[in-house]
Structure formats: C-alpha cells, structure tokens
Protein chains: 2
Amino acid sequence: MPASARPKTRAAASPRRTPSPRASRKPATVAQIVGVLRARIARQDIPPGAKLRETDLAEEFGVARTRIRDSLAALEQRGLVERIPNRGAVVTRLDLSQVFHIYELREVLEGLCARLATERTQPERWQRELELFQGPMKELIASNELDLYIERYEALRRALIEAAGNPLLAEMLDTIYEKTQVLIRRILILPGRAEIGRQQHVAMLEAMVRGKAELAELRRREGLKSARAHLEKFQKYIL
Amino acid sequence: MPASARPKTRAAASPRRTPSPRASRKPATVAQIVGVLRARIARQDIPPGAKLRETDLAEEFGVARTRIRDSLAALEQRGLVERIPNRGAVVTRLDLSQVFHIYELREVLEGLCARLATERTQPERWQRELELFQGPMKELIASNELDLYIERYEALRRALIEAAGNPLLAEMLDTIYEKTQVLIRRILILPGRAEIGRQQHVAMLEAMVRGKAELAELRRREGLKSARAHLEKFQKYIL
DNA sequence: GTCAACACTTTTGTTGACAAAATTCCTGCA
DNA sequence: TGCAGGAATTTTGTCAACAAAAGTGTTGAC
C-alpha cells in the first residue's frame with residue numbers, strides 16, 4: 001500500500017543531499033533579492049539601460065534561476081525594469097515625459113497624504129517637524145549638507161505616509177517615489193530650489209499644526225507644482 | 001526508448017514532439033490567463049475567499065503549472081489575490097475600510113484625470129458625452145437599464161483616461177477600479193444614487209466643454225466625495 | 001465516546017534539464 | 001578588405017519530476 005507508488009520514471013536514487021553546495025548560507029528569498037536590486041538601481045549601481053542576466057544573478061545570490069526570474073517579474077511590475085521576450089531584462093531609463101507624469105501624480109497623491117495625515121493625528125504631532133524645518137533644516141541647506149537634509153526629508157515623508165493610514169496610497173507613493181529617487185539630488189542642487197522647497201514644507205506643516213487639513217493639502221500641491229515648474233525650467237540640466 | 005534514457009548531459013534524440021498533447025490549441029500566455037482570471041474575479045464567477053488551485057487551473061488552461069504560478073503572482077501584485085506560503089492563493093475579500101481607502105484615492109486620481117483630459121483636448125471633444133449624459137442616460141436610469149448605463153459610463157471613463165495621456169495614472173486607476181468593479185451595481189441601486197451621479201457627471205462635463213480644467217477636477221472630486229458619503233450611509237447594504 | 005498520534009493524500013514550492021530564441025563568431029566569397 | 005551566410009554559443013523560456021508542507025482520515029488508548 002504505502003510503497004510501490006511513484007510509478008513515473010526516474011530510477012530511485014537521486015541523492016540530492018546538498019541544499020546549497022556553494023555558499024553554506026541559506027538561500028535568499030525573493031523579497032530580499034528584490035530589495036537588493038531595488039537599492040542598486042536606485043543608487044545607479046546598475047545604470048539605466050543595463051542588462052540583467054538571470055544566470056549571473058542566480059550565481060551571485062546562490063539561488064536557482066527561477067527565483068531570480070520571480071524577482072525580475074516583481075521589479076517589472078514596479079516599473080524598475082523592462083523585459084523584452086527572449087531578450088531579457090534591462091533597467092528602465094526614464095525620459096523627461098515620464099518624469100512629468102510622475103510629478104502630476106505626486107501632486108495629487110502627496111496632497112491627499114498631507115490631508116489625511118492632518119485629519120488622522122493630533123495637530124501637536126507635527127510641532128517637532130515644523131520646528132525642524134524652520135530651524136536646523138535651514139542651516140543644513142545653507143551649509144550644503146545635502147545628505148543629512150535628504151535623510152530628514154525622507155523621514156518626514158515616511159511619517160506622513162504612516163500617519164495617513166491608507167496602505168494603498170502608501171504603496172502608490174512608494175512605487176512612484178523610487179523611480180525618481182535618482183533625481184532628487186540633481187533637483188536639490190538647482191539654484192534656489194532647496195530653500196524654496198523648505199519654505200513650502202514649513203507652510204504645509206504650519207497648516208497641519210493648526211489642524212487645517214484641506215489647507216495642508218493645498219500647500220503640498222503648490223509645493224509640488226512649483227517643483228515641477230522648476231524642473232521644466234532646468235530640464236536640460238537634469239536628464 | 002522513452003524511459004531510462006536522459007542520462008544528464010543532452011543526448012541527441014530527445015523526441016518531445018508534442019507541444020500540447022491534450023488540447024491541440026496553442027498554449028495560453030500569462031497575459032491571457034491573467035485576463036480571464038481577472039474577469040472571473042470581477043464578476044464574482046470566483047467568489048471572494050475562494051481558493052485557486054494551481055493544478056486545476058493548469059489542467060483547465062492546458063499549460064504547465066509554472067505559467068499558472070506566474071499568473072497568480074501577477075494577480076497578487078494587483079491585489080486581486082492573496083497568497084499564503086504553502087497554503088495557496090485565495091481571492092481577496094475586500095472589507096469596508098479598504099473600500100473607503102479606495103474612494104479616497106479615486107477622489108484625487110479621477111479628479112486629476114478630469115483636469116488633464118480637459119487640458120489636453122479641445123473642449124468640443126466632450127460635447128457628445130455631455131449630451132449623452134443630459135438626455136439618453138437619464139432615460140436609462142429612469143427605466144432601470146443598468147447594464148447599458150454601466151457600459152456607457154465605463155466608455156466615458158476609458159475616454160477620460162485615454163485623453164489624460166498619463167500612462168502611470170491609467171495604470172493606477174485600472175488597479176483600483178478593478179477592485180471595486182464588483183461593487184458598482186450594488187452602489188448604483190442605492191436609492192437615488194444613480195441619478196445624483198448622473199447629474200454630477202453632467203456638471204463635470206459642462207466644465208470640460210467650457211475648457212475649465214480646474215473646475216472639472218473639483219466637480220469630479222465632489223462627485224466621488226458624495227459617492228463615498230452615500231456608501232458610508234448605506235454601508236450595511238453593500239457588504 | 002473523545003481525543004491524540006500517526007500514516008496517507010493533496011497541494012504548493014523548488015530544482016535541474018531541455019527547447020527556443022537571439023547573439024556572437026567564424027568562414028568563404030566577391 | 002568588406003560583408004553575407006551560417007554554425008556555435010549564450011541567454012531566456014518551459015517543462016515535468018522531486019521535495020516539503022499542509023490537510024485529512026483512521027486507529028487506538030483512556
């Protein structure tokens with residue numbers, strides 16, 4: 001009854017007793033691989049237009065090709081990679097029109113995010129952030145410490161998304177943000193842009209501290225509209 | 001001959017000359033399978049909470065299980081299906097909070113869509129649609145021909161998305177719309193809702209015909225806000 | 001009669017091999 | 001030398017078998 005089963009083909013032996021013969025590490029999950037690849041693309045470790053060979057990646061991560069394949073499919077869904085049938089996956093190169101499309105979306109989505117965050121938290125919640133952007137952040141811009149500035153800017157961004165409490169919105173903002181991440185530095189060094197952006201953040205945070213949700217939305221939208229205008233003006237320096 | 005062979009490396013023969021031994025059709029692509037499954041889920045052919053067994057689907061579509069697997073991964077990314085490790089994929093059951101999150105997003109995204117569509121077309125472009133919603137659509141509601149009404153409503157929707165000319169926006173609207181598709185009928189039969197919705201569409205189209213992009217955005221947002229309010233009021237009849 | 005442990009079945013997850021397409025490299029001809 | 005044609009190699013796509021996990025049914029002790 002129990003044995004005798006398995007009548008297919010394939011003789012019994014097949015002693016595959018080595019889970020990972022090369023690395024002695026437990027194999028990376030799809031999520032981990034996607035994370036690593038995302039980071040590399042974001043910091044242009046892998047430049048736009050570069051090809052991602054499945055075999056190479058499989059070897060590097062010490063996993064079967066199937067898992068790399070799944071990871072690439074995930075990256076494709078996120079729009080970070082383009083796959084051409086029988087040709088493989090290449091890092092998407094974003095052109096100017098795409099950037100503007102992204103800004104159109106950011107305008108309404110981050111506006112919504114600001115409104116929801118205001119509605120769903122106590123106004124005092126944002127006092128600290130307001131003071132940060134009124135004082136220390138101004139210094140950072142003046143002394144050109146962009147890395148620290150960006151780090152704190154992203155912290156505010158994450159706090160707003162968290163406070164908005166809409167997972168779908170969070171995911172969409174994530175998707176479009178990671179595409180422009182490579183641009184942030186280049187935009188921030190445009191003449192005057194960083195300081196203008198800071199002032200607009202102060203304006204938005206003031207509205208939030210006063211509990212004016214719709215005003216906060218409006219101010220965030222204005223901020224992004226002006227960022228887009230700046231971008232339009234200096235587009236040849238960006239891409 | 002068939003068994004016992006296949007030593008390891010790649011002997012010459014290997015006569016797998018039957019591409020699809022069962023169906024005599026060429027196998028369906030991942031995109032096709034995803035399409036079929038999407039439709040089934042949308043019209044609740046497969047009810048929420050139902051399990052999708054890979055083996056069954058593979059048999060039905062006449063493809064290898066791998067391809068079904070890829071399709072399910074795509075559906076998972078779209079949020080139509082949830083996958084639990086070693087347990088399989090089940091159709092996502094959307095709860096009330098998710099629905100409200102979706103409406104928050106629709107409000108700003110469809111508002112943006114209306115604005116862009118207005119900015120990027122000639123005002124006359126929308127004259128026909130305006131007349132349709134002023135006249136014939138009113139009759140359809142009065143005589144309760146919901147199917148035809150929905151069909152034309154979706155045609156307008158598609159036209160707006162097309163005219164807006166922002167692929168990213170189009171994709172996002174698609175993603176969130178297909179999740180609520182199952183609800184549309186149930187919302188439309190709420191007392192008075194269909195007629196109110198029609199009037200709001202007329203208001204938006206009037207703005208568009210006059211070339212007032214920002215007004216069109218505002219009106220679309222108002223329309224969805226009121227839809228959400230209606231939903232809140234009658235939520236127990238919806239879910 | 002109830003419940004826990006165990007064996008069996010079903011279903012999902014992963015792997016390596018094979019097939020097909022595209023690219024590269026080589027050869028022969030003008 | 002330049003290049004068209006074609007073999008050889010690389011690379012992606014697909015498949016069926018194998019392994020592991022969860023689910024199910026049965027038996028036996030109390």
Side-chain angles (χ1 to χ4, degrees), chain A residues 1-23 25-33 50-76 81-91, chain B residues 1-23 25-33 50-76 81-91:
Chain A
M1 182 78 71
S4 89
R6 200 173 295 163
K8 289 291 181 194
T9 48
R10 185 78 58 132
S14 172
R16 204 201 311 168
R17 278 286 70 96
T18 45
S20 54
R22 50 180 129 280
R25 274 263 167 280
K26 60 191 150 204
T29 77
V30 169
Q32 289 172 323
I33 297 173
K51 221 177 139 188
L52 294 170
R53 266 191 297 281
E54 298 180 354
T55 322
D56 295 359
L57 294 172
E59 173 123 3
E60 181 192 334
F61 287 100
V63 299
R65 206 156 56 87
T66 314
R67 210 172 288 184
I68 297 296
R69 198 150 242 284
D70 289 351
S71 309
L72 290 179
L75 289 175
E76 184 188 22
V81 141
E82 269 172 276
R83 291 174 100 186
I84 317 162
N86 292 316
R87 296 281 301 272
V90 298
V91 179
Chain B
M1 180 68 74
S4 89
R6 201 169 292 165
K8 211 64 172 180
T9 52
R10 183 185 296 228
S14 166
R16 196 188 331 154
R17 281 286 70 97
T18 47
S20 54
R22 51 181 129 280
R25 274 263 169 279
K26 60 192 150 201
T29 77
V30 169
Q32 288 172 323
I33 296 172
K51 220 177 138 187
L52 295 170
R53 265 192 298 281
E54 298 180 355
T55 322
D56 295 359
L57 293 172
E59 173 124 2
E60 181 194 333
F61 287 100
V63 299
R65 208 155 55 84
T66 315
R67 211 175 287 185
I68 297 296
R69 198 148 242 283
D70 288 352
S71 309
L72 290 179
L75 289 176
E76 184 188 22
V81 141
E82 269 172 275
R83 290 175 101 185
I84 318 163
N86 290 317
R87 295 279 304 272
V90 298
V91 179

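First the proteins, then the strands, lettered A, B, ... as listed; each starts at 1.
Taking both residues in full, the closest heavy atoms of A:R83 and A:E76 are given as CD-OE1, 3.5 Å, listed atom of the first, atom of the second, then distance. The two residues B:V81 and B:V91 make their nearest non-hydrogen contact at CG2-CA, 4.3 Å.
Summarising the geometry, atom CD1 belonging to A:I33 is positioned 8.5 Å from atom CG belonging to A:L57; distances are rounded to the nearest 0.5 Å.
The interatomic distance linking A:R83 (CZ) with D:dT11 (C1') rounds to 13 Å, in whole Å. Separating the CD atom of A:E54 from the P atom of C:dT15 is a distance of 15 Å, rounded to the nearest angstrom. Between B:I84 atom CD1 and C:dT11 atom P the separation is 16 Å, expressed in whole Å. Look at CZ on A:R53: it is 13 Å from P on C:dT23, rounded to the nearest Å. Atom pair B:E82:CD and C:dT12:C1' shows a separation of 17 Å (rounding to whole Å applied).
In this structure A:D56 satisfies the side chain to side chain donor-acceptor pair (under 3.5 Å) test together with A:R53, sequence neighbours excluded. By the salt bridge (Lys or Arg N to Asp or Glu O under 4.0 Å) test, A:E60 is found to be paired with A:R40, residues two or more places apart in sequence or in another chain being considered.
Pairing for D:dG13 is with C:dC18, a Watson-Crick or G-U wobble pair whose two hydrogen-bonding atom distances lie under 3.5 Å.
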Report, one line per pair, each donor and acceptor closer than 3.5 Å where one atom sits in a side chain of residues 61-69 of chain A; sequence neighbours left out.
residue: A:R65; atom: NH1; partner: A:E54; partner atom: OE1; Å: 2.7
residue: A:R67; atom: NH1; partner: A:A28; partner atom: O; Å: 2.7
residue: A:R69; atom: NH2; partner: A:E54; partner atom: OE2; Å: 3.4

Review item, nucleotides 5-9 of chain D N/O atoms under 3.5 Å of protein N/O:
none

For nucleotides 21-24 of chain D, which of its nitrogen or oxygen atoms have a protein nitrogen or oxygen under 3.5 Å away, and what is each distance?
residue: D:dG23; atom: OP1; partner: B:R87; partner atom: NE; Å: 2.5
residue: D:dG23; atom: OP1; partner: B:R87; partner atom: NH1; Å: 3.2
residue: D:dG23; atom: OP1; partner: B:R87; partner atom: NH2; Å: 3.0

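Applying the 3.5 Å distance criterion, the base of D:dG13 shares a donor-acceptor pair with the side chain of A:R65.
Within residues 66-75 of chain B, the residues approached by DNA chain D to less than 4.0 Å at the level of any non-hydrogen atom are B:T66, B:R67, in residue-number order.
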